Amino acid sequence: MSLEDDLLKQRLARIREIEALGYRPYGRRFDFSHTIPEILGGYGAKTAEELTPEVRVSVAGRLMTLRHMGKAGFAHLQQNGERLQIYVKKDAVGERDFQLFKLVDIGDFIGVDGYLFRTRTGELSIHVEKLEFLSKTLLSMPEKWHGLEDVETRYRQRYLDLVANPDVRKVFVTRARIISSLRRQLEAHQFIEVETPMMQPLYGGAAARPFITHHNTLDIDLYLRIAPELYLKRLVVGGLDRVYEINRNFRNEGLSTHHNPEFTMLEFYQAYTDYQGLIELSQELLAQAARDAVGTTEIEYEGHKLNFSRLERYSMREAVVRFWQGDGRPTMEDVANPEWLLRNSDKSTAGEALTDIFERHVEEKLIQPTVVYDYPVETSPLSKNKPDDPAFVERFEIYAAGMEIGNAYTELNDPQEQRRRFEMQLSMRERGDEEAHQMDEDYVRALAYALPPTGGEGIGIDRLTMILTGCRSIRDVILFPLLRPEGPIDLVRQLRELDGV
RNA sequence: GGGCCGGUAGCUCAAUGGUAGAGCAUCGCCCUUUUAAGGCGGUGGUUGCGGGUUCGAGUCCCGCCCGGCUCACCA
């Protein structure tokens with residue numbers, strides 16, 4: 001018999017003992033008077049004298065440590081990531097509750113009533129007078145001082161990671177703060193939140209390979225969206241002048257420390273502005289999100305101090321010249337010269353070559369939060385041309401810590417030009433570019449009803465969260481990152497065999 | 001997909017090619033202010049899976065599975 005079987009058997013037997021004492025092994029509602037963080041916040045600094053007269057509390061949580069000492073014992077309850085010690089003495093709780101205390105395991109949920117006191121060693125604790133059993137754990141918790149280290153188990157069983165590693169919990173609390181800060185700010189700017197299709201008959205708004213699914217009743221294939229962009233701009237056509245959406249995009253591409261197949265994107269569109277207006281708004285949004293999430297705009301990330309109070313700004317050509325490392329550093333004349341560009345890239349047009357060179361030589365060097373603007377038209381099929389240079393578009397991306405975290409442009413609102421851009425993309429597709437944009441005639445039709453001058457932007461929530469929480473891998477900011485399915489777990493068989501034993 | 005690294009008890013980790021171990025957890029006994037509680041005594045292993053080499057494999061070789069990092073692709 002394996003240990004696991006043995007443990008399960010012991011725990012299941014214990015459930016019957018708990019029932020025999022008259023408690024529910026899987027309890028019901030428990031009306032606590034305080035959360036554990038509230039008690040630590042409110043009384044954590046109080047001396048023993050200040051805890052008289054008695055402060056009565058009623059608290060629930062998961063047992064994380066257990067120290068039996070004959071006719072008394074100590075334990076720590078954990079709730080919302082924080083721990084509070086309880087002291088259970090036979091004289092104080094009575095025979096029946098003390099029998100229950102002898103049956104609890106690390107990992108069980110219990111509720112206690114009692115009063116606050118300080119132990120001989122000074123730790124704020126609850127002197128328990130009544131115990132309630134709330135829920136039984138059948139499996140043993142991770143080890144008490146190393147926590148859960150195995151990366152694979154941490155991702156597959158995130159609930160254990162969250163219980164055992166308080167810092168992991170903090171990352172996801174910070175993530176929630178970032179999102180709520182962005183929502184609050186956009187609402188304050190009169191943006192309204194909308195939801196657009198995740199399942200789309202045509203995919204667009206980015207360059208990526210899609211996931212394909214099928215609707216049975218309509219008998220049609222649909223794509224999981226790679227971006228919400230084209231739907232959001234249809235809404236601006238319809239008079240929703242300021243819209244945003246925070247939701248998942250799906251891209252059927254590689255996994256890495258910076259890529260998960262489903263990831264969260266904020267996209268927002270503002271009528272009557274352009275990319276310059278969006279740079280100002282971006283700077284404001286990011287600085288305030290940093291302040292709201294971590295209390296400062298000075299962010300330590302992998303040994304660098306990032307300053308989110310402002311965005312550095314370079315045109316793509318300037319960025320290539322300025323951040324080029326090593327030999328062959330070009331001049332501004334070089335990066336404007338198609339011959340030089342095509343010599344330094346295997347791409348077939350000057351614009352694609354410039355983007356290619358930028359991505360290979362510059363992107364990872366952009367550590368400080370930086371805006372790179374003025375992109376070649378070839379790689380930007382939905383952006384508006386620069387009026388003085390139609391080979392470039394009014395587009396920028398935001399980089400920080402060597403990662404792209406945002407992408408924005410003045411939206412192309414001329415349907416005739418949009419049709420030409422789509423046709424240019426189709427010819428790229430015919431030359432083998434699988435990620436070139438599809439023709440979306442309904443979108444052209446929407447533009448034909450007139451899209452006002454508009455600026456639009458996307459911000460990658462996962463990557464922004466990585467930077468603001470100091471995480472090196474995107475998997476550390478996504479609760480359940482995509483992994484290959486694991487092998488047999490074999491718990492159901494064990495439970496079945498032990499059922500009623 | 002390529003390269004590198006890893007997978008040993010529930011958890012965290014050891015183990016020159018020579019009897020698979022420790023701490024925590026778990027079980028029994030003792031203990032009414034402990035806190036990595038303590039004391040005494042136990043249980044627990046298909047060393048990821050499958051082959052091979054060898055008198056003998058956790059260890060060496062081959063294949064596969066899972067994961068991490070990295071390169072490529074991408075945001």
Side-chain angles (χ1 to χ4, degrees), chain A residues 1-11 13-14 48 64-76 83 85-93 98 101 105-107 117-125 127 137-157 160-161 163-165 205-209 226-227 249-265 267 356 359-360 363 397-399 402-407 433-435 458-464 466 472-476 481 483-488 491:
Chain A
M1 168 165 303
S2 75
L3 175 63
E4 194 93 348
D5 279 334
D6 213 26
L7 183 82
L8 268 178
K9 205 177 224 176
Q10 287 161 8
R11 295 285 167 93
R14 213 158 260 196
M64 297 301 290
T65 67
L66 198 48
R67 295 178 291 283
H68 286 291
M69 295 183 311
K71 297 183 180 60
F74 289 90
H76 279 98
R83 293 183 183 189
Q85 182 170 257
I86 62 171
Y87 176 54
V88 180
K89 188 166 68 165
K90 188 173 181 180
D91 296 347
V93 298
F98 198 72
F101 183 63
D105 290 299
I106 290 174
F117 77 114
R118 284 206 179 266
T119 63
R120 195 174 287 165
T121 54
E123 180 167 346
L124 182 68
S125 307
H127 194 286
T137 176
L138 297 181
L139 299 172
S140 54
M141 300 300 288
E143 200 240 18
K144 67 182 174 191
W145 63 79
H146 294 95
L148 182 63
E149 304 268 354
D150 184 76
V151 177
E152 188 174 348
T153 308
R154 287 185 43 228
Y155 294 155
R156 289 195 194 280
Q157 295 178 262
L160 282 184
D161 193 25
V163 171
N165 300 322
R209 296 207 300 272
I226 60 174
N249 290 344
F250 306 87
R251 299 190 185 174
N252 203 341
E253 294 178 343
L255 291 77
S256 80
T257 49
H258 298 82
H259 301 85
N260 194 63
E262 53 177 310
F263 64 102
T264 300
M265 183 89 107
E267 283 204 15
D356 176 51
E359 286 171 356
R360 282 188 292 117
E363 190 170 322
E397 293 195 342
I398 305 168
Y399 291 87
M403 284 188 288
E404 182 192 335
I405 59 172
N407 177 25
D433 184 349
E434 282 185 66
E435 297 186 345
I459 292 178
I461 297 297
D462 311 281
R463 290 179 176 182
L464 178 60
M466 286 170 67
R472 285 199 65 229
S473 171
I474 199 168
R475 295 184 198 95
D476 292 324
L483 300 177
R484 285 187 195 278
E486 66 180 319
L491 178 61

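Owing to the predicted nature of the structure, the values given are computational and were not obtained by experimental measurement. Throughout, a chain's letter reflects where its sequence line sits, starting with A, and its residues are numbered from 1.
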Q) Can you find a pair of side-chain heavy atoms, one from A/Phe98 and one from A/Asp91, that are under 4.5 Å apart? A) no
Q) What nucleic acid atoms does A/Asn252 come within less than 4.0 Å of, heavy atoms only: base, sugar-phosphate, or nothing? A) nothing
Q) Looking only at atom C1', what distance separates B/C31 and B/C40, rounded to whole Å? A) 12 Å
Q) Starting at the 5' end of RNA chain B and moving along, which residue's nearest nucleotide shows up first, A/Glu486 or A/Ser256? A) A/Glu486
Q. Base, sugar-phosphate, or nothing: which does A/Thr153 touch, judged by heavy atoms less than 4.0 Å apart?
A. nothing
Q: For A/Arg154, answer base if it contacts any base atom (sugar-phosphate contacts may also be present), sugar-phosphate if it contacts only those atoms, and nothing otherwise; contact means non-hydrogen atoms under 4.0 Å.
A: nothing
Q.
Just to be sure I understand the rule, does A/Gly147 reach a base, reach only the sugar-phosphate, or reach nothing, if contact means heavy atoms closer than 4.0 Å?
A. sugar-phosphate
Q.
Is it the case that B/U26 (base atoms only) and A/Ser140 (side chain only) share a donor and an acceptor within less than 3.5 Å, ignoring hydrogens and angles?
A. no
Q) Across the strands shown, which category fits A/Arg83 at heavy-atom distances under 4.0 angstrom: base, sugar-phosphate, nothing? A) nothing
(Q) Over all strands shown, is A/Arg14 touching base, sugar-phosphate only, or nothing at heavy-atom distances under 4.0 angstrom? (A) sugar-phosphate
**Q.** A/Tyr87 and A/Phe117 aromatic ring geometry - parallel, tilted or perpendicular at 30°/60° bounds
**A.** tilted
Q | Counterpart base for B/C69, defined by Watson-Crick or G-U wobble contacts under 3.5 Å | A | B/G3
Q) Base, sugar-phosphate, or nothing for A/Ala207, non-hydrogen atoms under 4.0 angstrom? A) sugar-phosphate
Q: Looking at every strand, decide which applies to A/Glu123 at a 4.0 Å heavy-atom threshold: base, sugar-phosphate, or nothing.
A: base
Q: Spell out yes or no: do the side chain of A/Arg120 and the base of B/U33 have one donor N/O and one acceptor N/O closer than 3.5 Å?
A: no
Q: Taking all heavy atoms of A/Leu7 and all of A/Ser140, pick out the closest pair and write down the distance.
A: CD2-N, 3.6 Å
Q.
Just to verify, what does A/Glu486 make a salt bridge (charged side-chain N to carboxylate O under 4.0 Å, His left out) with, not counting sequence neighbours?
A. none
Q: Under 4.0 Å between any heavy atoms, over every strand shown, what does A/Gln85 touch: base, sugar-phosphate, or nothing? Just pick one.
A: base
Q: Indicate, with a heavy-atom threshold strictly under 4.0 Å, whether A/Arg209 touches base, sugar-phosphate, or nothing.
A: nothing
Q: Provide the Watson-Crick or G-U wobble partner of B/A14, both distances under 3.5 Å; none if there is no partner.
A: none
Q: Taking all non-hydrogen atoms of both residues into account, name the closest pair between A/Leu66 and A/Ala75 and its distance.
A: CD1-CB, 3.8 Å
Q: Using the closest heavy atom to pick a nucleotide of RNA chain B for each, name whichever of A/Asp462 or A/Arg11 lands nearer the 5' end.
A: A/Arg11
(Q) Heavy atoms only, 4.0 Å cut-off, all strands: where does A/Leu148 land among base, sugar-phosphate and nothing? (A) sugar-phosphate
